[in-house]
Protein chains: 2
Amino acid sequence: MVNNTSNLSTSYTDNILKFLSPTQLDQLEQKQYSVNFNKGENIFKQGAPMPHIIVIKSGLAKVYLEDGTNRNIILRIIKPGEIIGGPGFFTDYKHHFTVTALEDTVANYIGMDDFKSFLMNNPDFAIELIAYLNKAHISLYDKFKIITHKHMNGRLASTLVYLSDSIYNSLDFETSLTRQDIADMSSMTKESAIRILKDFKTSGIIECTNNHFLINDKQALLSILQNG
Amino acid sequence: MVNNTSNLSTSYTDNILKFLSPTQLDQLEQKQYSVNFNKGENIFKQGAPMPHIIVIKSGLAKVYLEDGTNRNIILRIIKPGEIIGGPGFFTDYKHHFTVTALEDTVANYIGMDDFKSFLMNNPDFAIELIAYLNKAHISLYDKFKIITHKHMNGRLASTLVYLSDSIYNSLDFETSLTRQDIADMSSMTKESAIRILKDFKTSGIIECTNNHFLINDKQALLSILQNG
DNA sequence: CTTTTGTGTTGATATATATCAATATATATT
DNA sequence: AATATATATTGATATATATCAACACAAAAG
């Protein structure tokens, strides 16, 4: 028997740039530049070359896998302060997922060469990056378990707990995610997601109208996640 | 539209220890020790502390996630030469998957402190490790796409291609994997796996009796992977 | 050599989930 | 305000897949 309480999409990092030396942070300040994205715009596309590491300064974005079908797999939501590199660095230097702004978003760009030099010259930073990658890896394993062995109710409960705990930090939140997005986070169709939201509503576990969500009975959600 | 031809479980690495300096390799030689495992024995268990990095010297092993149900998720098969660390290092120093010998297997143990000192003193090795972790990450993304958006035929085809291409390097192989293992690699029940194997057999795509597999029409498998 | 135990196989059935189609509601545009 | 467009909702139906049960076969144990 094994631990089994993790979320479908855990927020697995704060900004690891805090592990840079003061000199490196100075260097970063001078060289990075920022770009504004409107709601709905792609910040970068899966398959495209990856000449930069990006840090979200404000706004909110979704990270998802495209696989040629019309359905996407949303891996996680990124909040301000988070770095987005992706597994492309030191491998093929391509993006392996697409990132789209859910709200108006400001992103800072860090050149790949700068980033690499930080790594080479600062072993502690390298170790923190490895730790960061490993945490991302662990959260993927958790997602795997939930997606392959949990039914829809459990998967949707997991998404709601993730949004509440890791993104909005409240039981009561307005979201810019569509029902389709919530479905893409939970590996189901939007019709199924809507039906389950309705069930949760009827049972009194949550309230939701349009973009407003209120979790009345978090314990019930956790129990559905656990058993469903 | 995005690339979509990857395997369900890609072998994503050769031994990254070759990037150690000669001195470090010497040091490693002297300090590492090896252990024999019989077929069926656990090499390590998910949740257990991780005081060592392990390298498989001979034999074959399966890496899988346990999630409290009686079904497992086989992530990949490990061949001789491959390192097994797992995402525990620099995080919680626990194993996040279980590894079990499929055949009699010899494993070498490398102390965590030694491994860490290699990293701190050899930036190139650190970068190779990051590359290795990223490749593992990419292969997990691929597995995600297949599991969430492919039907059973495609998932089983993917497993067969993986075994042929990445593990046995032949269209014709004897395997120590059970039908249950093949099912666990393909995210389905063993009954479903058996039925699909039978379908593939009837269509002339493969031959299989007991532990012997022969892929007659690899193109057909690839096409099922792509479209099914 | 027989018994036991694990693995493989097949069929019948139940269930979870997707698909399709119709309608409602909200958001954007003119 | 009126129209167009995207998103949300609901119901009916089809389909993929799991579950259950029975049996066959092979490997291991006595």
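All chains are named by letter (A, B, ...) in the order of the sequence lines, taking the proteins before the strands, and each is independently numbered beginning at 1.
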### Query
Starting at the 5' end of DNA chain D and moving along, which residue's nearest nucleotide shows up first, A:H151 or A:L177?
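Result of the comparison: A:L177.
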#### Entry: the helix from C:dC1-D:dG30 to C:dT30-D:dA1: angle between end helix axes, five pairs per end, rounded to 10 degrees
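End axes: 40° apart.
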### Task
Using a 4.0 Å heavy-atom cut-off across all strands, classify A:T178 as base, sugar-phosphate, or nothing.
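The answer is sugar-phosphate, as A:T178 gets under 4.0 Å only of primed atoms, P, OP1 or OP2.
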### Query
Just checking, is any N or O donor in the side chain of B:T100 or B:Y64 under 3.5 Å from an acceptor N or O on the other one?
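There is such a pair (donor and acceptor under 3.5 Å, judged by atom type) between the side chains of B:T100 and B:Y64.
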### Where chain A begins and ends its contact with DNA chain C, read 5' to 3' at 4.0 Å from heavy atoms
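From 5' to 3', the first and last contacting nucleotides are C:dA16 to C:dA26.
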### Query
Less than 4.5 Å apart, any side-chain heavy atom of B:I73 and any of B:M185?
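When only atoms from C-beta onward are counted, B:M185 and B:I73 do not touch, as no gap falls below 4.5 Å.
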### Task
May I ask you to test the A:T105-A:N36 pair for a side-chain heavy-atom distance under 4.5 Å?
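The answer is no, as the side chains (C-beta and beyond) never meet within the 4.5 Å cut-off.
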### Task
Check A:N134 against B:F89 and note the closest heavy-atom contact, atom names and distance.
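Smallest interatomic distance, heavy atoms only, reads ND2-O, 2.8 Å.
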### Minimum-distance pair of heavy atoms, taken over all atoms of A:S164 and A:I215
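Reported closest heavy-atom pair: CB-CD1, 3.5 Å.
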Using a strict 4.0 Å threshold on nitrogen-to-oxygen distance, state whether [X] and [Y] make a salt bridge.
{"X": "B:D165", "Y": "B:K218", "result": "yes"}
{"X": "B:K62", "Y": "B:D181", "result": "yes"}
{"X": "A:E82", "Y": "A:K57", "result": "no"}

### Query
Picking from A:H96, A:E66, A:K94, what satisfies side chain to side chain contact (heavy atoms under 4.5 Å, CB included) with A:Q46?
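When side chain to side chain contact (heavy atoms under 4.5 Å, CB included) is applied between A:Q46 and each of A:H96, A:E66, A:K94, only A:E66 qualifies.
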### Task
Would you jot down, in residue-number order, the residues of residues 190-202 of chain A having a non-hydrogen atom under 4.0 Å from DNA chain C?
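Only A:E191, A:S192, A:R195 qualify.
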### Query
Between B:Y33 and B:Y109, how do the two ring planes meet: parallel, tilted or perpendicular, split at 30° and 60°?
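Ring orientation, 0 to 90° scale: parallel.
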### Message
Need to verify one output field. Residue with the more 5' nearest nucleotide on DNA chain C, B:C208 or A:T189?
### Response
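The 5'-side residue here is B:C208.
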### First encountered from the 5' end of DNA chain C, between A:M188 and A:N211
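Result of the comparison: A:M188.
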